[in-house]
Amino acid sequence: MSNCSGKKAKPLPISVGALSDFYSRVYALCRHIPEGRVTSYGAIAKFLGAARSSRMVGYAMNNSFNEQGVPAHRVVNRLGMLSGKHHFPGSTLMQDLLENEGVPILNDRVQNFDQYFWNPADHLDPKDF
DNA sequence: AGCGTGACGTATA
DNA sequence: TTATACGCCACGC
């Protein structure tokens with residue numbers, strides 16, 4: 001790629017400021033989601049004290065491919081649906097990743113969702129974020 | 001600079 | 001119970 005030829009080449013969608021702080025918190029939290037478990041955008045938002053900004057969590061995940069060790073596939077919506085699957089390469093990667101961890105998926109939805117749901121508030125200390 | 005959109009979720013009707 | 005409305009706010013056009 002010719003990213004060295006003059007153009008500013010905006011490397012990161014986010015750079016500085018409060019937004020990146022929020023994103024960073026989202027990523028830090030996500031790194032604690034255990035294999036074989038899932039959580040939701042809303043649960044993350046609530047845990048981070050932004051209960052009404054769950055959309056921003058989704059936006060953060062959209063950018064998570066720039067990050068390391070962030071299991072974006074373990075974040076689903078509050079009904080256990082794989083609402084982010086179209087943002088993964090291929091059409092079944094998100095589902096495949098989850099099934100490889102033992103999370104059963106049917107029709108883009110986590111089966112027995114409450115059994116696999118991992119609530120950050122039950123396992124993490126808000127003071128650490 | 002304004003408008004529509006969206007990996008969401010809750011509140012009303 | 002299903003259907004809209006709306007809060008949220010970064011981002012692309």
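Keep in mind that the numbers below use all heavy atoms, side chains included, and drop hydrogens, waters and symmetry copies. We name chains A, B, ... by the order of the sequence lines, and we start the count at 1 in each one. Quantities reported herein were computed from a predicted structural model and do not represent experimental measurements.
- Nucleic acid contact class of Asn62(A) (heavy atoms, under 4.0 Å, all strands): base.
- Counting heavy-atom neighbours within 6.0 Å of Arg52(A) CZ, excluding the residue itself, gives a total of 12 or less.
- Using P as the reference atom, dG4(B) and dA5(C) are 15 Å apart when rounded to the nearest Å.
- You'll find the ring centres of Tyr41(A) and Tyr59(A) outside the 6.0 Å limit.
- Atom P of nucleotide dT2(C) and atom CG of Leu79(A) are separated by 12 Å, given to the nearest angstrom.
- Shown here, dC8(C) forms no base pair; nothing in the strands shown gives a Watson-Crick or G-U wobble contact with both key distances under 3.5 Å.
- Going from atom CZ of Arg55(A) over to atom P of dC9(C) covers 12 Å, rounded to whole Å.
- Taking every nucleotide of DNA chain B with any atom under 4.0 Å from a non-hydrogen atom of chain A, the first and last of them, 5' to 3', are dG6(B) to dT10(B).
- Between the CE atom of Met56(A) and the P atom of dC8(C) there is a distance of 11 Å, rounded to whole Å.
- In this structure, Lys46(A) atom NZ and dC8(C) atom C1' are separated by 17 Å, rounded to whole Å.
- His123(A) and Trp118(A) have parallel rings, their planes meeting at less than 30° on a 0 to 90° scale where 60° marks the start of perpendicular.
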Which is it for Phe117(A) and Asp122(A) under the side chain to side chain contact (heavy atoms under 4.5 Å, CB included) test, yes or no, and what are the steps along the way? CA-CA 11 Å; Phe117(A) 179 71; Asp122(A) 292 340; over 6 Å; no
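- With Leu29(A) as the fixed residue, the side chain to side chain contact (heavy atoms under 4.5 Å, CB included) test singles out one of Val57(A), Val70(A), Leu124(A): Leu124(A).
- A distance of 11.0 Å separates CZ of Arg109(A) from CG of Leu82(A), quoted to the nearest 0.5 Å.
- Of the residues Gln95(A), Lys85(A), Glu101(A), the one that meets the side chain to side chain donor-acceptor pair (under 3.5 Å) test with His73(A) is Glu101(A).
- In the region residues 81-99 of chain A, proximity to DNA chain B at under 4.0 angstrom, judged on heavy atoms, holds for Ser83(A), Gly84(A), His87(A), Phe88(A).
- Looking at Ser40(A), its side chain does come within 3.5 Å of a backbone N or O of Ala43(A) through a donor-acceptor pair.
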